[in-house]
**Q** 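Starting off with a structure, shown below.
Below, each value reflects all heavy atoms present in this structure, side chains not excepted, and no hydrogens, waters or symmetry copies. Counting starts at 1 for both ligands and their atoms, in listed order.
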Amino acid sequence: PDNQVIPDPSKKTLVILGTGWGTVALLKKLDTENYNVVVISPRNYFLFTPLLPSCTTGTIEHRSIMEPIRTILQQKKAAVKYYEAEATKVDSERKVIRIKDESEIKGTVSETEVPYDMLVIGVGAENATFGIPGVRENGCFLKEIGDAQQIRKKIMDCVETAAFKDQDPEEINRLLHMVVVGGGPTGVEFAGELQDFFEQDIKRLIPDISDRFKVTLIEALPNVLPSFSKQLIDYTESTFKEEKIDILTKTMVKKVTDKAVEAEASKPDGSKERITLPYGLLVWATGNAVRPIVKDLMTNISAQKDSRRGLAVNEYLVVQGTRDIWAVGDCAVAGYAPTAQVASQEGAFLAKLFNNMAKTEALEDQIRDLSSTLNLKPGNAADIARQIEDYERQLRRVKDIKPFHYSHQGSLAYIGSEKAVADIAWFNGNVASGGTWTYLFWRSAYLSMCFSTRNRLLVLNDWAKSKIFGRDVSRE
Ligand code: FAD
Ligand code: NAD
């Protein structure tokens, strides 16, 4: 399609913020012929986040889980505009979005406005730090490709520095101590991947420091993976014990410096103990926080004043207090967990809703046109009346759209040493399983969920490559 087409004045402008799980699911199913569609996101690709932890150690190369938004949009029937920019403000009174090009190369214009008739916000969330001092300056997050690349580089930097000639033994221990904060699925999967990397590659390539490498996972609650069933929590904790990953539960990190983490551990008798853990690499995975653009919009809509974790939406995903703004994924509060599964079902629901809205309008127009010809062509009145009836029947069917309903398919997480845990919804019941078979299931499930055949082939190739030749330990 011609990407330079002028917006069609007869169509509404639908602006979509974000190129993540929610918005890409919407774009996939949206009939773009019905609207002037404009996509705005600072990231010009879709990221398959479930395999991001594998990129931190090179089990998978990062480009294998990225799909360019330009390729995705090229497959649409009608052209879609894409602007690589960050939306900085939603002005719901004037119905415009302020956007800013935050990339390194800027033209003479790097800030402007985009008007909308309908708006979908799918900007995801940012990393929570709870204001804990030193986290942003010293820790790594694990949300975007850049984060995974930074971690991969830092792991090898720590290892090579620890192996430096005459390195001080205390310093070797610190450098090879990898601390992960947050025992949710992100922290658990990363800890598992890290220990695999060490066991399968680093130990073999740099044996002289191998007994010093240690991974510690810190969690404030009494157990890791709080959203999984008890049986799988126990299985994960015992597998980590076997893998020699230390889990410190009931331990809350309070402060981070450039070389140590300070935490408060609750002891069985209820007393608290302050502990200091020197580290070489710190990965911070304590969940989501609301993005500034979302926070700003929330403060400007009175119906959102009691919402804390994102934009409160109704059962059709309309942002409460607005008529033409919808929200999907991690930035929306619809009563579900902030997962890719929820986001993509919400996006697909909105595509159906918008396709139906367009069909409804088209049918209503046709009925109006036919009704006006009834008096002009009395000879054809019976035919026209029959046609109107037919359109009205279609209209009733199209208009009857049920509210959004989330269907949970289950939860899966990789826990290292070729084992995974799965809580799967199965014929009205739940099946909890953990182990090597679950790992094979995890691999095939994620492979089938990859965005494209190209991604699937690249991921398969990466798995084979790291199995046959070992992971690439060069520090880029
Ligand atoms: P995202 O996918 O985060 O997309 C947000 C988009 O908005 C991005 O394109 C971003 O660039 C863009 N954006 C940001 N700010 C702006 C702005 N100001 N203006 C315009 N655009 C903006 N969930 C699962 O269900 N299963 C898993 O196995 C799983 N594994 C995960 C592993 C990791 C390491 C992580 C971090 C998350 C994982 N999740 C998983 C959670 C899942 O990734 C999120 O729930 C999901 O990405 C949410 O989708 P979203 O569309 O709301 O946001
Ligand atoms: P999370 O919110 O699930 O877990 C964060 C954990 O950090 C919590 O258990 C919390 O108690 C702990 N924490 C918070 N502050 C702390 C502190 N100061 N010290 C120690 N611990 C602290 O975050 P996540 O793991 O990043 O997951 C985010 C979302 O993405 C979730 O909805 C999750 O289900 C989803 N996700 C799913 C998968 C999967 O299905 N495999 C993988 C990754 C993420």
**Q** State whether a side-chain donor-acceptor pair under 3.5 Å links T438 with S433.
**A** yes
**Q** Under 3.5 Å, which donor-acceptor pairs do the side chains of residues 131-138 form with other protein atoms, sequence neighbours left out?
**A**
| unit_1 | atom_1 | unit_2 | atom_2 | d |
| --- | --- | --- | --- | --- |
| R136 | NH2 | N127 | O | 3.4 |
| N138 | ND2 | G134 | O | 2.9 |

**Q** Heavy-atom contacts with T251 under 4.0 Å: which atoms of ligand 2 show up? List them by number with element.
**A**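 So the atoms of ligand 2 that pass are 19 (N), 20 (C).
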**Q** Under 4.0 Å from a heavy atom of I40: give me the atoms of ligand 1 that qualify, with their elements.
**A** 20 (C), 21 (N)
**Q** Of all the atoms in ligand 2, which lie at a distance below 4.0 Å from a heavy atom belonging to G287?
**A**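 Selected atoms, number and element: 2 (O), 5 (C), 23 (O), 26 (O).
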**Q** Relative to the heavy atoms of L142, which atoms of ligand 1 are at a distance of less than 4.0 Å?
**A**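 Once the distances to L142 are compared, the set is 34 (C), 36 (C).
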**Q** A285: heavy atom below 4.0 Å from ligand 2, yes or no?
**A**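 A285: in contact with ligand 2 (<4.0 Å).
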**Q** Less than 3.5 Å between some nitrogen or oxygen of A87 and one of ligand 1, yes or no?
**A** yes
**Q** Can the ring centres of F451 and F48 be said to be less than 6.0 Å apart?
**A** no
**Q** At less than 4.0 angstrom from any non-hydrogen atom of T339, what atoms of ligand 2 do you find?
**A** 32 (O), 34 (O)
**Q** Is Y446 in contact with ligand 1, taking contact as a heavy-atom separation below 4.0 Å?
**A** yes
**Q** Below the 3.5 angstrom mark, is there an N/O of Q341, backbone or side chain, next to an N/O of ligand 1?
**A**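 Yes; the residue has a nitrogen or oxygen that sits under 3.5 Å from a nitrogen or oxygen of the ligand.
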**Q** Do Y406 and E346 pass the side chain to side chain contact (heavy atoms under 4.5 Å, CB included) test, and can you show the C-alpha distance, the side-chain angles, and the key distance before you say yes or no?
**A** CA-CA 8 Å; Y406 169 62; E346 289 176 341; over 6 Å; no
**Q** Counting only heavy atoms, which portion of R291 has something under 4.0 Å from ligand 1: side chain, backbone, both, or neither?
**A**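 Looking at R291 and ligand 1, just side chain atoms fall under 4.0 Å.
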**Q** Considering distance alone, does some N or O of T186 sit under 3.5 Å from an N or O of ligand 2?
**A**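 Yes.
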**Q** So which bit of F130 gets within less than 4.0 Å of ligand 2, heavy atoms only: side chain, backbone, both or neither?
**A**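 Contact part for F130 vs ligand 2: side chain (C-beta onward).
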**Q** Anything under 3.5 Å between a donor and an acceptor, one on a side chain of residues 280-287, the other on a protein residue two or more places apart or in another chain? List them.
**A**
| unit_1 | atom_1 | unit_2 | atom_2 | d |
| --- | --- | --- | --- | --- |
| W284 | NE1 | A128 | O | 3.1 |
| W284 | NE1 | T286 | OG1 | 2.9 |
| T286 | OG1 | A128 | O | 2.9 |

**Q** Taking only heavy atoms of Y446, which atoms of ligand 2 are found under 4.0 Å from at least one of them?
**A**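 What qualifies from ligand 2 is 41 (N).
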**Q** Is any N or O atom of E189, backbone or side chain, closer than 3.5 Å to an N or O atom of ligand 1?
**A**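 No, E189 has no N/O under 3.5 Å of an N/O on ligand 1.
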**Q** Purely on distance, is any nitrogen or oxygen of P226 under 3.5 Å from one on ligand 2?
**A** no
**Q** Could you list which atoms of ligand 2 come closer than 4.0 Å to a heavy atom of I132?
**A**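 Once the distances to I132 are compared, the set is 18 (N).
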**Q** Mind checking whether W21 has an N or O less than 3.5 Å away from an N or O of ligand 1?
**A**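 Looking only at distances, the answer is yes, because the N/O contact criterion of under 3.5 Å is met.
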**Q** For atom 7 (O) of ligand 2, state which one of G182, P50, A422 supplies the nearest heavy atom.
**A**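 Residue with the shortest heavy-atom distance to the ligand atom: G182.
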**Q** Tell me, please: is P338 in heavy-atom contact with ligand 2, that is, under 4.0 Å?
**A** yes
**Q** Within ligand 2, which atoms have a heavy atom of E189 less than 4.0 Å away?
**A** 41 (N), 42 (C)
**Q** Look at the aromatic rings of W21 and F46 and report parallel, tilted or perpendicular, splitting at 30° and 60°.
**A** perpendicular
**Q** Is the ring pair W442/W463 parallel, tilted or perpendicular, if the boundaries are 30 and 60 degrees?
**A** tilted
**Q** Under 4.0 Å from a heavy atom of V181: which atoms of ligand 2 are those, numbered in the order shown and with their elements?
**A** 19 (N), 20 (C)
**Q** Side chain, backbone, both or neither: which part of A343 comes within less than 4.0 Å of ligand 1 when only heavy atoms are counted?
**A**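 The answer is the side chain of A343.
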**Q** What I want to know is whether P338 and ligand 1 share at least one N or O pair that is separated by under 3.5 angstrom.
**A**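 Yes - when backbone and side-chain N and O of P338 are compared with those of ligand 1, one distance drops under 3.5 Å.
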**Q** Distance under 4.0 Å to a non-hydrogen atom of L412: what atoms of ligand 2 satisfy this?
**A** 39 (C), 40 (O), 41 (N)
